[in-house]
Amino acid sequence: MKLKTVLIILSVLVIIFLLVKGCTSLLKKEINDSVEKLKSGRKTAFLKDVDLSEEGYALILDDKKPYVLIDDGEVLKTNQDKIKLKISWMNYLPGEGGGYHGLRVYRFNKLIDAKLARSFKTFEIGDLRKHGRPVELKSIYETRAVYDRMRDSLNDKSDIFIARTTETNGDGYEYRFTLNCPSILVAQNDSTFNKIDFGYDFAKRIVESLSSYTGFSAENNASSSTEIPPLLALKKNGATYYLRNDETNNTLPLEGYELHGNQLLFRCTKAFYEQVKTHDFSNSFIRKGLAEDEIKMLIQGKIGPDNGEITKDAVYESMFSSDFKVGKLYEQKYELRYFELVDPN
C-alpha cells in the first residue's frame, strides 16, 4: 500500500475518532444536565405548589430531637424555596437506618402531606429549625372504645397534631382468635397434594359448618405451618417432649414426609366466640395424605414396641389428633400517634 493511501486512511480514521469523541462528549453533557435537572426537580418538588404564607400552615420536623413545630407564616414563606429533601437509596435496604422521620405538613392541625424516610441523602430546611417550638411525640394503643374516645378528644385541640391513625373495622368485629385444626402427614413425593388447595377447601368446610351462626368473618384459606421432616414427639401436661434414640440420643424424624399443621383466623363478636367454643367441627375435617393406620405404622417403626407412656397411639394423638382447638380470644387494638406542643412553663 502506498504511503499516500496510508496517510489518507489514517486521516479519515482520525476525523471519525474526533467526531465520535465530540458526539460522545455532547451526549454525556446532555445526560448529566438531564440527571441534574431530575435531581433538582426531585429535591424541590415537595411543597412547590403550596403557599406556606397562607393561614393555617405548620411544619413539624422530627429528623432529630428535639422535634419542633414551625407555624409562623413569614418564616415558612422565607424558607420554602430552601426546603430540599431527597430520600437516600439506602432507605430501601433492609435494616438500614432507624424509624421513619422527616417533615410533616399540617393545615389547621390536619396532616396534608409528609416526606418521611429512614435515610435521607439531602435534608435541607433553611433555618426553619431555629424558629421551631418543641413538640413531643406521643402514642396510644388501645381497644376500639378507648381509641375512638381519645381520637375524638384530640381532633379539636389546637396544640395537637395527629401523625398517624389506624383504620377501624366497619363490621363491628372487634375480637379475633385462631382455630387450631388437626395436622396431616403427607409424603414429600405425593404429587396429588396441594397445600394451598387443601387450605381453601378446609376453610370453606369450616365456614359452611357455621352457617347458622352470625357475628364473624373468617379467612378464606387455612394457613399451614409445615415441618419437614416431622420429629416424633409426645405431649404431656401442656409440654412437648421430642422422642430420641436410646443409643444415639438423636431425635426421631419421619424422613420423606411433611407435617402440615393448619390454622384458621377469625374476626368476630364476643358472643360468637362464646358460642363457637362448644361447636363440633369434626365433620369439617378430611384427612389428606396418609391415613391413621399408615401413620401409626411409621411411628411404630421408629419407636419400636410400646414402652410405658411411649406408645404409637400416644404419639399419634400428640401429633395428629383430630381435635379442633379454639384459641385464646384477643380484643383488637388500634394505634394513634400525635405530636403535642410542649408547655413552655
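Note that the numbering runs from 1 along the sequence shown for the chain.
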Exercise for review: Under the side chain to side chain contact (heavy atoms under 4.5 Å, CB included) rule, what do L111 and F161 come out as? Steps first, then yes or no, please.
Suggested key: CA-CA 7 Å; L111 183 65; F161 299 81; over 6 Å; no
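- Annotation: side chain of F285 is not in contact with side chain of N262 (no heavy-atom distance under 4.5 Å).
- Between F120 and S88, every side-chain heavy-atom pair lies at or beyond the 4.5 Å cut-off.
- Of the charged side-chain nitrogens involved, at least one lies within less than 4.0 Å of a carboxylate oxygen, so that D71 and R133 count as a salt-bridged pair.
- Here the side chain of R107 pairs no donor or acceptor atom with the backbone of L52 at under 3.5 angstrom.
- For the side-chain hydrogen bond (donor to acceptor under 3.5 Å, both in side chains) with Y334, the qualifying choice from R151, E167, E174, E142 is E174, the only one to do so.
- Inter-residue side-chain proximity for I125 and N79 is flagged as unmet; no heavy-atom pair is nearer than 4.5 Å.
- Side chains of F339 and L69 form no contact here, defined as non-hydrogen atoms less than 4.5 Å apart.
- The backbone N or O of Q263 lies less than 3.5 Å from no partner atom in the side chain of N180, so there is not a single donor-acceptor pair.
- Side-chain N or O atoms of D159 include none that pairs as donor or acceptor with a backbone N or O of E340 at under 3.5 Å.
- Between K302 and E255 a salt bridge is recorded (basic side-chain N to carboxylate O distance below 4.0 Å).
- Under the side-chain contact (heavy atoms from CB on, under 4.5 Å) rule, R104 has a single partner from D62, L59, D113, which is D62.
- Within the 4.5 Å cutoff, side-chain heavy atoms of C268 are placed close to those of Y175.
- Judged by distance alone, with hydrogens and angles left aside, the side-chain atoms of S318 form no donor-acceptor pair with the main-chain N or O of L234 at under 3.5 Å.
- Looking only at distances, no side-chain donor or acceptor of T311 sits under 3.5 Å from a matching main-chain atom of G308.
- Using a distance-only test at 3.5 Å, with no hydrogens or angles considered, a donor-acceptor pair links the side chain of D72 to the main chain of V75.
- A distance below 6.0 Å separates the ring centres of H279 and Y213.
- No salt bridge links E292 with R287; every basic N to acidic carboxylate O contact stays at or beyond 4.0 Å.
- Annotation: side chain of Y67 is not in contact with side chain of V342 (no heavy-atom distance under 4.5 Å).
- When atom types are taken as modelled, the side chain of H101 and the backbone of A117 share a donor-acceptor pair closer than 3.5 angstrom.
- F202 and F198 have tilted rings, their planes meeting at an angle from 30° to 60° on a 0 to 90° scale.
- Annotation for L252 and N245: closest pair CD2-N, 3.8 Å, computed over non-hydrogen atoms.
- The two residues Y173 and D171 make their nearest non-hydrogen contact at N-OD1, 3.0 Å.
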Exercise for review: Evaluate side chain to side chain contact (heavy atoms under 4.5 Å, CB included) for K115 paired with I87, printing each intermediate quantity in order.
Suggested key: CA-CA 9 Å; K115 190 81 166 182; I87 296 175; 4.3 Å; yes
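- Under the 4.5 Å side-chain criterion, counting only non-hydrogen atoms from C-beta, Y92 is not in contact with R118.
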Practice item. Assess whether side chain to side chain contact (heavy atoms under 4.5 Å, CB included) is satisfied between Y257 and L290, documenting all intermediate values. Key: CA-CA 10 Å; Y257 295 92; L290 276 69; 3.7 Å; yes
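- Counting only distance, with no hydrogens or angles, the side chain of S217 and the backbone of R267 share no donor-acceptor pair below 3.5 Å.
- A heavy-atom distance below 4.5 Å is not found between the side chains of R205 and N283.
- For the side-chain contact (heavy atoms from CB on, under 4.5 Å) with K110, the lone residue among V105, I162, N155 that qualifies is N155.
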